[in-house]
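The structure under discussion appears below in the form of structure tokens.
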Amino acid sequence: MTEADWFVALPKVELHAHLNGSIRDSTLLELARDLGEKGIIVFSDVEPVILKDDRSLLEVFKLFDLIHILTTDHKTVTRITKEVVEDFAAENVVYLEIRTTPKTNNSKGMSKQSYMEAVLEGLKSVSTVAVVFSHGVNEKNPFNSDVINNPSSETQEKKIFVRLLLSIDRRETTEAAMETVKLALDMRHLGVVGIDLSGNPVIGKWDTFLPALEFAKTQGLSITLHCGEVPNPEEIHAMLDFQPRRIGHACCFGDGEWKKLKSLNIPVEICLTSNIKTNTISSLDIHHFADLYKWKHPLVICTDDFGVFSTTLSDEYNMASSAFGLTKRDMFELSRNAIDFIFADDGVKRELQEIFASTERKLGL
Ligand SMILES: CNc1ncnc2c1ncn2[C@@H]1O[C@H](COP(=O)(O)O)[C@@H](O)[C@H]1O
Ligand SMILES: [Zn+2]
């Protein structure tokens, strides 16, 4: 088995993946060509933007505005959800938390709820793998896990657990954020397990989102925050004081912020390629992964936006192994440890432990 194949075969847990950042280039180009033919966009202007490789953090958010123009109808949301799950399953991701921002678009008759219904439709239409999802069988047993789709007969053996996080975009108002949290609560029996705060980190104020996040927390939803993507000590401290169950990135932390993070032991979602390509961290040798790993701080390797950053979760593990001198045994343990930080229940954790135990020998460990 080649090195790259070994990292594909390694069972993996993906906890930080944005739906609209995880679209295949080929799909984006096809959607752009369609809109070009309808005269809504100029394809030749858009093509290089889609295919560009390195982008600053600000350029990334401009790209998301373009992607959202391409994906704003129910049928496309369903399609990209199906493809994203199939792509993760193809590289042996066994548990996936997809996060997405529910969107309102009056011209398409889209509400936050109908957007999420289109996402659910996408999960149901996955054909290459059995999608194990919460299935609201009845009021007494709302969290029962079940297969939601009809995988083709040759792929029935393969399965992926999928859960959803609803994102609040930093451009949103307190009311819009609250609407997202209420929708998440209404959809708990459909596998929504938590809330994410994301979007352009230089836009919006923490106090705007806090009431909705506090409400989500008191209702028992799990929360993860994009934290410290740009230097903002005051906000980082306020976010850590809130004690989310996980944070993403933690790139622009100072000594005081590291101390607080470590004492609170909050798990960090690490997105190496995303940090490097956006130049949030200048090179892997100075990435905080190394220090956090040394301190045995809880960590999980994730992709962030595998489409936008042209990566895969297997590549991220492979890269971390070479950049930080970690053995295959270390990488297996890192991947397995991620089970502790998932937002799904203990039953799912037990099943994932079994999957890892059964592949350990096959991986030559
Ligand atoms: C690069 N680092 C990042 N930092 C902050 N937010 C990010 C992000 N990458 C993605 N998003 C957030 O996810 C949305 C796209 O997926 P959905 O439309 O929700 O499925 C972006 O618009 C942004 O709000
Ligand atoms: Zn992110």
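Both ligands and their constituent atoms are indexed starting at 1 by order of listing. Owing to the predicted nature of the structure, the values given are computational and were not obtained by experimental measurement. All residue numbers in this chain count up from 1 along the given sequence.
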Check for me: within less than 2.8 Å of the Zn ion (ligand 2), which protein N/O/S atoms show up?
His16 NE2, His18 NE2, His226 NE2, Asp304 OD1
Would you say NZ of Lys75 has more than 12 non-hydrogen atoms from neighbouring residues, nucleotides or ligands within 6.0 angstrom?
no
Quick one: do Ile286 and Val230 end up in the same hydrophobic cluster if we chain Ile, Leu, Val, Met, Phe, Trp and Tyr together by side-chain heavy atoms under 4.5 Å apart?
yes
Return the orientation label for the Phe289 and Phe324 ring planes: parallel under 30°, perpendicular over 60°, tilted otherwise.
parallel
Set out, in order, the CA-CA distance, both residues' side-chain angles and the distance that settles side chain to side chain contact (heavy atoms under 4.5 Å, CB included) for Ile247 and Met239, then state yes or no.
CA-CA 9 Å; Ile247 59 166; Met239 284 183 165; 5.9 Å; no
With a cut-off of 4.0 Å, which atoms of ligand 1 are near a heavy atom of Phe61?
3 (C), 4 (N), 5 (C), 6 (N), 7 (C)
Considering only heavy atoms of Asp305, which atoms of ligand 1 have at least one such atom less than 4.0 Å away?
1 (C), 8 (C), 9 (N), 10 (C)
Whether Phe242 and Trp206 hold their rings parallel, tilted or perpendicular, with breakpoints at 30° and 60°:
perpendicular
Which residue holds the protein heavy atom closest to atom 24 (O) of ligand 1, what is that atom called, and what is the gap in Å?
Gly199 CA, 3.3 Å
Atom 19 (O) of ligand 1 - nearest protein heavy atom and its distance
Thr101 OG1, 2.5 Å
Sole residue of Tyr317, Phe356, Trp6 in ring-ring contact (aromatic ring centres under 6.0 Å, His included) with Phe332
Phe356
Mode of Lys103 contact toward ligand 1 - side chain, backbone, both, neither (heavy atoms, under 4.0 Å):
side chain
Checking side-chain contact (heavy atoms from CB on, under 4.5 Å) between Thr71 and each of Thr27, Leu66, Asn20, Leu19, which is the one that passes?
Asn20
Among non-hydrogen protein atoms, atom 3 (C) of ligand 1 lies closest to Glu229 OE2, 3.4 Å
When rounded to the nearest 0.5 angstrom, what distance separates CD in Glu47 from CG in Leu28?
12.0 Å
Atom 22 (O) of ligand 1: which protein heavy atom is closest, and how many Å away?
His68 CE1, 3.1 Å
Describe, in one word, how the ring planes of His249 and His16 are oriented to each other, choosing from parallel (under 30°), tilted (30 to 60°) and perpendicular (over 60°).
perpendicular
Going by the 4.0 angstrom heavy-atom rule, the piece of Asn20 near ligand 1 is both
Within the 4.0 Å heavy-atom cut-off, what Thr100 brings close to ligand 1 is both
Which heavy atom of Gly199 sits nearest to which heavy atom of Asp169, and what is that distance?
CA-OD1, 4.2 Å
side-chain contact (heavy atoms from CB on, under 4.5 Å) partner of Ile168, chosen from Leu225, Ile223, Leu197, Asp196
Leu197
Using a 4.0 Å heavy-atom threshold (strictly under), name the region of Val308 that reaches ligand 1: side chain, backbone, both or neither.
neither
